[in-house]
Amino acid sequence: MKKSFTQILMDWHRYQNDREMPWKGEKKPYRIWLSEIILQQTRVEQGMGYYHRFIEQYPTIQDLAKAPDQEVFKLWEGLGYYNRCRNLLHTAREIVHQRKGIFPDTYEDLLALKGVGPYTAAAIASFAYNLPYAVVDGNVFRVLARYMGVDTPTDSTEGKKIFHDLAYQMLDKKEPALYNQAIMDFGATVCKPMSPLCAACPLQNGCAALSTGKVNQLPVKEKTLQRRTRYFNYFILEYRQKIWVQQRTAKDIWQQLFEFYLVETEKQVRWDHSLIQNWLRDQLNIHEPVIGKIAEPLLQQLTHQQIKGQFIHLQLKQKPASLKGGDWKTVAQIQELAFPKLITSYLSQLKS
DNA sequence: ATCCGGCTGT
DNA sequence: ACAGCCGGAT
């Protein structure tokens, strides 16, 4: 009897999969949920350290729920997609306060949690409770698209349905947790996006893409994202050992993170002393600033935008009355706040 | 220097 | 349908 896709995958997982992750085999829903939220849009290697720090600092969901926002954001700093952090806190508090700390244990209830979509609900349902839900993530799209030779775009409405149906069809209904882990690990280590290991692949015999030479063309995506460029000019305003910072609250990138005084411009500005002086005088009524370092612009690539960030250090002789919405903080206070990567990487390169 | 991969909320 | 980050690979 020929072995099925599912059986081959399960055998590979059992005998050849040596990918280790700290949450593998984990059964506590809190830990599984936490690891899945951290791993959304994030590589395992990058998320690992964050996972350990979160578990150490917040061993239970009660610990997380009672933590101050700012502390959690600081721990999340650098991971990106800061909405995930907001949703993480929201959901922790909801579970503790509305559900007596008891984690939901059905797919529908999991899906209703903020920050939990179909993928994460299926992951928690299967890993924590061994319920028969198939995860559909980028790995699953890739493995199924190649093995089955499906060229329907994965980001189309039709494609989503096709791949969900296929994923459920292939799921090992008796061992959903093991199967889901198997297919994702397989996609990550064998059926990789670039240079997949087809020669050593246990599924090579039945692979449609391999036999038609289309491995490198699958999976298909229909949308190519558009990027716009924005210019963020940060004035690092210093007055008596304190620096002015504000929290980002607008409906924009980096919500709830902190930043220095921001001047956003349409185009690259070539800042020189007279331009800076005029700008400060006209916009903030600041006179006779001591202009320090004018750093080279830094690039930050976001999902749909490219940020060109420039930092300019200024020491002020008087406290400007016209600054609104922010605060003067000491360096020690600033270290407690979470900043976007653009800013933390600028600050860290300052020291070195 | 540029490209690529990775889910959820509105 | 579209917007949100970062690191590693190329």
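Lettering of chains follows the sequences in order, A, B, ..., and the numbering in each one begins at 1.
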May I have the step-by-step check of side chain to side chain donor-acceptor pair (under 3.5 Å) for A/Y81 and A/T303, ending in yes or no?
CA-CA 10 Å; A/Y81 295 105; A/T303 306; 3.1 Å; yes
Decide yes or no on side chain to side chain donor-acceptor pair (under 3.5 Å) for A/S126 and A/N180, but give the supporting numbers first.
CA-CA 8 Å; A/S126 63; A/N180 280 335; 2.9 Å; yes
Residue pair A/K74, A/E71: steps toward the salt bridge (charged side-chain N to carboxylate O under 4.0 Å, His left out) verdict:
CA-CA 5 Å; A/K74 186 65 186 174; A/E71 184 186 289; over 6 Å; no
Apply side chain to side chain donor-acceptor pair (under 3.5 Å) to the pair A/D165 and A/Q169, showing each step before the final yes or no.
CA-CA 6 Å; A/D165 291 350; A/Q169 211 176 307; over 6 Å; no
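In terms of position on DNA chain B, the residue among A/L111 and A/T303 whose nearest nucleotide sits closer to the 5' end is A/T303. Residues A/E77 and A/E222 both approach DNA chain C. Their nearest nucleotides, taken by heavy-atom distance, put A/E222 toward the 5′ side.
At whole-Å resolution of the value, CG in A/D155 and P in B/dG5 are 12 Å apart. For the pair A/L342 CG and C/dC5 P, the computed distance is 13 Å after rounding to whole Å. We find that OH of A/Y81 is positioned 12 Å from C1' of C/dC2, with the value rounded to whole Å. Atom CG in A/L88 sits about 12 Å away from atom P in B/dG9, given to the nearest Å. Remark: P of C/dC5 and CZ of A/R230 are 11 Å apart, rounded to the nearest angstrom. Here the P atom of nucleotide B/dC7 and the CG atom of A/N139 are 7 Å apart, to the nearest Å. Summarising the geometry, the separation between CZ on A/R84 and C1' on B/dG9 is reported as 14 Å, rounded to the nearest angstrom. A/K160 places its NZ atom 11 Å from the C1' atom of C/dC2, with the value rounded to the nearest Å.
Distances shorter than 4.0 Å separate some side-chain N or O of A/Y82 from OP1 or OP2 on C/dC6. The phosphate of B/dT8 (OP1 or OP2) has no side-chain N or O of A/N87 nearer than 4.0 angstrom. Phosphate contact (OP1/OP2 of B/dG6, side-chain N/O of A/R142, threshold under 4.0 Å): present. For A/Q41, no side-chain nitrogen or oxygen approaches OP1 or OP2 of B/dT8 to under 4.0 Å.
Following chains of ILVMFWY side-chain contacts shorter than 4.5 Å, one cannot reach A/L350 starting from A/L237, and the two form parts of different hydrophobic clusters.
Both tests do not hold together for A/K28 against A/F103: distance to the six-membered ring centre under 6.0 Å, angle to the ring axis within 45°. Judged by the 6.0 Å distance and 45° axis criteria, A/R53 is positioned over the aromatic ring of A/Y50.
A/D151 and A/R146 are not joined by a salt bridge, as no carboxylate oxygen comes within less than 4.0 angstrom of a charged side-chain nitrogen. For A/R19 and A/D185, the salt-bridge test passes: some basic side-chain N is under 4.0 Å from an acidic carboxylate O. Salt-bridge check for A/E264 with A/R230: passed, with a basic side-chain N closer than 4.0 Å to an acidic carboxylate O.
Contact annotation for A/L299: no contact, since no heavy-atom pair falls under 4.0 Å across all strands. Nucleic acid contact for A/R86: none, since no nucleic acid atom lies under 4.0 Å from a heavy atom of the residue. Contacts of A/L113 with the nucleic acid, taken as non-hydrogen atoms under 4.0 Å apart, involve only primed sugar atoms and P, OP1 or OP2. When heavy atoms are screened at a 4.0 angstrom cut-off, A/L302 is found touching base atoms of the nucleic acid.
Near DNA chain B, meaning a heavy atom under 4.0 Å from it, residues 180-187 of chain A has no residue at all.
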Could you list all N or O pairs between the protein and nucleotides 7-10 of chain C that sit under 3.5 Å apart?
from: C/dG7; atom 1: OP1; to: A/K341; atom 2: NZ; distance (Å): 3.1
from: C/dG7; atom 1: N2; to: A/R43; atom 2: NH1; distance (Å): 3.3
from: C/dG7; atom 1: N2; to: A/R43; atom 2: NH2; distance (Å): 3.3

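The side-chain hydrogen bond (donor to acceptor under 3.5 Å, both in side chains) check on A/K114 picks up nothing, with sequence neighbours excluded.
Nearest nucleotide to the A/Q40 side chain, out of B/dT8, B/dG9, C/dG4: B/dT8. Distances from the side chain of A/K114 to the nucleotides B/dT10, C/dC6, C/dA3 place B/dT10 closest. Nearest to the side-chain atoms of A/Y119 among the listed nucleotides B/dC7, C/dG4, C/dC6 stands B/dC7. Nearest to the side-chain atoms of A/T120 among the listed nucleotides C/dC6, B/dT8, C/dG4 stands B/dT8.
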